[in-house]
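Just so it is clear: chains get the letters A, B, ... in the order the sequence lines come, proteins before strands, and each one is counted from 1.
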Number of protein chains: 2
Amino acid sequence: MGGYRGKARELLESKSISVGDRVKIRKKGRTYEGLLMPRIELGDPNHLVVKLDSGYNVGVKVEEALEIAKMKGGKAPKMRMPPLKFERDPDKPNITIVGTGGTVASRVDYRTGAVHPAFSAQEIYNAVPELVDMANIKAVTACNVLSENMTPKLWAKVGETVADELNGEASGVVIAHGTDTMGYTAAALSFMLQDLSKPVVLVGSQRSSDRPSSDATLNLIGAVAAAGADMAGVCGVMHGSTEDKYCLIHRGTKMRKCHTSRRDAFQSVNVLPLGMIRNGKLELFQDVKRRSDAEVKVDSKFEEKVALIKTFPNIQSVVVEDLLDRGYRGIVLEGTGLGHVPESLYSGIKRAKKEGVPVVMTSQCIWGRVNMRVYSTGRDLLELDVISGGDMLPETAYVKLMWVLGHTQNFEEVRGLMRKNLAGELTSRTRPDTFMKSFLPEG
Amino acid sequence: MGGYRGKARELLESKSISVGDRVKIRKKGRTYEGLLMPRIELGDPNHLVVKLDSGYNVGVKVEEALEIAKMKGGKAPKMRMPPLKFERDPDKPNITIVGTGGTVASRVDYRTGAVHPAFSAQEIYNAVPELVDMANIKAVTACNVLSENMTPKLWAKVGETVADELNGEASGVVIAHGTDTMGYTAAALSFMLQDLSKPVVLVGSQRSSDRPSSDATLNLIGAVAAAGADMAGVCGVMHGSTEDKYCLIHRGTKMRKCHTSRRDAFQSVNVLPLGMIRNGKLELFQDVKRRSDAEVKVDSKFEEKVALIKTFPNIQSVVVEDLLDRGYRGIVLEGTGLGHVPESLYSGIKRAKKEGVPVVMTSQCIWGRVNMRVYSTGRDLLELDVISGGDMLPETAYVKLMWVLGHTQNFEEVRGLMRKNLAGELTSRTRPDTFMKSFLPEG
C-alpha cells in the first residue's frame, strides 16, 4: 500500500484505491483531484498525499477526507518525482531545510543496508506533509556525507548556506543532520555564525532499532516550529522522551548525544533545555535572544591541527608529543574528575607549553565543571598553563579551540577567549536539577 | 574544640572539657575513662572519642553518654597517635580496609592545599567510629598515590593485597580509593581476581565543594556493610543522592563517575545498581553471587601498550599509526553513535589489522550499545576486524583489553574474549529504566 498504514490504509482498501490511482478527495471547503502518491514508512499514516495536475502535492488528513473516489486516468508514479513547487502562503514563515546528508527523512538505507543520505524537499514532504501547514518550506543541500565524516570545511559550507538563506527570505533554518556528530556541528555553527538574528535548528532521527516507527516526524515538526519562533541562535531539536510526546530544544553548545539508539538520546548538559515543543506549541523555559533583522555573518576560520585526547590510567606523554611533532597547534584534554591527568602525561604538557601550544582541560565526567584549584596536582597543571574548560562539554571545547586558534595563536589571547563565554558554552553556576535526569515536563 | 560540633560540642563546653582532658564517661552498663581525642571534621559530631589507658579508642554517642566528668591527669594528645588495637569481637565480620592513597578518610589536604593521601586505621576510626560497631576493622596500605596515577602495576599490588586479606581472616575488603579513576581500578580488579568468593568494595569521597560536610562517613559505613554481606564480587559503594540518605552498590565493571563534584556522581551505566544501603540495611535489587570459602587467585598480567582513543570530527589516522610505531598492541576506540569513526581514521585501522593489533569499538555516547551492523560504515569497520565492545563502558573495555592482551595476543582469541562476558561487563539486553536517571529507591 505504498507506505500507507492504519486508518489511511483501511480507507484506501475499502475503496480499492492503490498508489498511482487517480483520486478525487473532498474535504471541508475544498476538493482535490490527482494521483495518490506513495508515503515513505516514517510518515504520518493519517495523511493521504495527492499530486495535483498543477504539480503541487497536497496532504489530506484521513479524518478530514469527507469523500474519496477512484477516478479514471491513474498511472504508477515515477520513481523520481519532479521538484516540488509549494504554493507560498504569506502568512506562514519561510523555513529552509538544509540537507547535510543526515538521514532524517529517509529510512531506506536502514532497511536495505544501503546508505542513502540524500534527501529532497519531495522526500521531506512525503514524510511529513504537516510541515506544509506550518511554513513555506524550501529545501537546499549543503553537503552529502554521513555525520561522522563532517569536517571543519563542511561546517563552513553549512554555515555559508545557512547565512545565505537567513540573509535571503528565510525566517529560520532547519539543518537535517546525522545524530552522531550533531553536537559538534551545532557547536561549530554557534561559534561561526556571528550576529545570528534568527533560529538555526539542527534536527535528526535516531531510527531507534527497538521501535518500529521513527522519531523523524515529531522531530521535524518540532524543528520547523522552533525555526519559525521568536528566537535567535543555534539549537538542536530532538525527542524529549521515548514516546512521541514532545521535543526538547537544546542549546547548540550544550547538547550531547548520550545514548547510541534511544530517541531521547540528546541531553542538555549542565543546563536546562531552552524549551520544548509539545502538541505543536513551543514553550520556552528561559529567556532567549529574540529574532531581529540583523545580517548574519559567517566566520569560518578553523585551525584543523587540534586534537581531543581522553586521558586514562597509564597514558603516556608520547601521545601529546607525537601530535606536537606533527605540527598540532592545540590540544583539548578530557581529564578525570575535576581536571586531573596522570603524572606520566606531564612531560608532554610541559613540552606543549614550551612550544606555545595551548592545552585546555575538560572532564570525562561530562557533567560538572573543571576546577584545578582543589588538589595540588590540578595546581601543578595550572602552573603548566593548562587552561580550564570550566563547564564546557569536551566536544564543544574541541570545536571552540579550533575556532579560536583560527583567529589567534597568541597564547594569552587564546586563554582569554577560551575562558570567555562566546556562545552559551560556559556558565558560571550549575543548577542542581541539570544532572542525570531526563527533563520531564509537567502535566 | 578539636573537631567536635553540635551536641557534642555543647556538652563538652557545658562541662568545660577540652580535647586532651582526662574524662570519665558513663553509658548504659559501661564506664570509660581516658583522654578525650580530637575528631577530624568529617566525622559524626555526635561521637565522643576517648583513648583508654589500654591504648584502645572508644566512641560514645552523645545521647548514650549518661554522665561525663573531667578528671585529673589530662594532657594534650600527641599529633601522631600509636597504632590502634581494636578488641576483636567474634560475632562481627573481619573487614580489612585497604588504603591506596584515596583521601576518603581525610579532609586536611582539601583545606590546606596540601594533599595527604595517607590514611591509617586511627584516622578512619576518628572519622567514623560507627565502623567499629559493625565489624572488626583492620587497615593495610597497598599503595599511596592519587588515583589519577594508578597504573596496571599498582592495580596488581592492590589485587595481591586484597587476595592476601581474603585468603587470610577477612570476610570482605573495602578499598579506599580516589574517585577519579575508581571505575578503572574496579574494572581491573574485576578481571584480575579469579574465583572471587567474597565482597571487594571500592569506596571514596567526592568532598563536594558545594557542601560543607563530606560524604565519606556514609560511604564508608555503606562500604563496610557491603563488605560484610553475603555477596561475592567487585563493586563500588557511593552516595545514591546528594543527601546523606543512602548509598548505591555498583558493579565494578559498570560504574562510572559522571559528575566532577556531586556526591551522587557515580552511576551504574546500562544496568541497575546491584543494591543499596539505607539506614544501615543492605537491600539487593537483583540476584548476586553469594560468598563462599573458595581461595581467591590473582591474575594480574596486563599488556600496558594499549590506548583508549576518543574519536572526533577530523581525527586523522596518524593518531593510530604513531601508536603502532611505538609498539602499541591494542586500541580501544570511543567512536560516535552506534560505533562509527570518520573515514579519515580508516587507513590507521587498516594498518592495525595488517599488523594484528586488535581494535575494539565502544561509544562516546556512554549509554546504549555498539551495533556496527546498522549502517554500511559500521559494516566497513567490521570487515576491518574492528571488535564490537557491545554495551561495555569505554573505560572498562580499555582495562579489559589490557588484561586480555596480557594473556593472549592471538587475534581470534582476543576477539573471542572481548566478546565474552567475563565479569559482568557485557549484558545482552538493556533495561529501559537504566538511562539517565539517578536511581531513586521507593519510600
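Between the NE2 atom of B:H259 and the CZ atom of A:R369 there is a distance of 8.5 Å, given to the nearest 0.5 Å. One finds the OG1 atom of B:T377 at 7.5 Å from the CG atom of A:N149 (value rounded to the nearest 0.5 Å). B:M150 CE to A:N314 CG: the interatomic distance, rounded to the nearest 0.5 Å, is 11.0 Å. Considering CD1 of B:I366 and CD of A:Q267, their distance stands at 13.0 Å, rounded to 0.5 Å. Considering CG of B:L338 and CG of A:D180, their distance stands at 7.0 Å, rounded to 0.5 Å. For the atom pair CZ (A:R326) and CD (B:Q316), the distance works out to 10.0 Å, reported to the nearest 0.5 Å.
Only the backbone of A:A265 comes within less than 4.5 Å of a heavy atom of chain B; no side-chain atom from C-beta onward does. Heavy atoms closer than 4.5 Å to chain B are found in the backbone of A:T311, but not in its side chain. Only the side chain of A:T181 comes within contact range of chain B, judged by heavy atoms closer than 4.5 Å. Heavy atoms of B:R256 lying under 4.5 Å from chain A belong exclusively to its side chain. For B:E334, the part sitting under 4.5 Å from any heavy atom of chain A is the side chain, from C-beta outward, and nothing else. Heavy atoms of B:V399 lying under 4.5 Å from chain A are absent altogether. The contact between B:Y184 and chain A is made entirely by side chain atoms (from C-beta outward), counting heavy-atom distances below 4.5 Å. In this structure, no portion of A:Y346 lies under 4.5 Å from any heavy atom of chain B. Neither the backbone nor the side chain of B:F302 comes within contact range of chain A, judged by heavy atoms closer than 4.5 Å.
Proximity of B:V319 to A:L323: side-chain heavy atoms (C-beta onward) are separated by under 4.5 Å at one or more points.
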Criterion side-chain contact (heavy atoms from CB on, under 4.5 Å) on A:M402 and B:F312, from CA distance to verdict
CA-CA 12 Å; A:M402 295 174 91; B:F312 47 88; over 6 Å; no

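Interface remark: of the candidates A:D325, A:V318, A:V370, A:D391, A:V318 forms the most heavy-atom pairs closer than 4.5 Å to chain B. Between chain B and the residues A:G339, A:C258, A:P152, the largest count of heavy-atom pairs under 4.5 Å involves A:C258.
The environment of B:K157 atom NZ is sparse: at most 12 non-hydrogen atoms of other residues, nucleotides or ligands sit within 6.0 angstrom.
The closest donor-acceptor contact from the side chain of B:T260 to the backbone of A:G337 lies at 3.5 Å or more, if one exists at all.
Residues A:Y398 and B:P313 come closest through the heavy atom pair OH-O, 2.7 Å. Heavy-atom minimum distance, A:R262 versus B:P432: NH1-O, 2.9 Å.
For B:K310 and A:E395, the salt-bridge test passes: some basic side-chain N is under 4.0 Å from an acidic carboxylate O.
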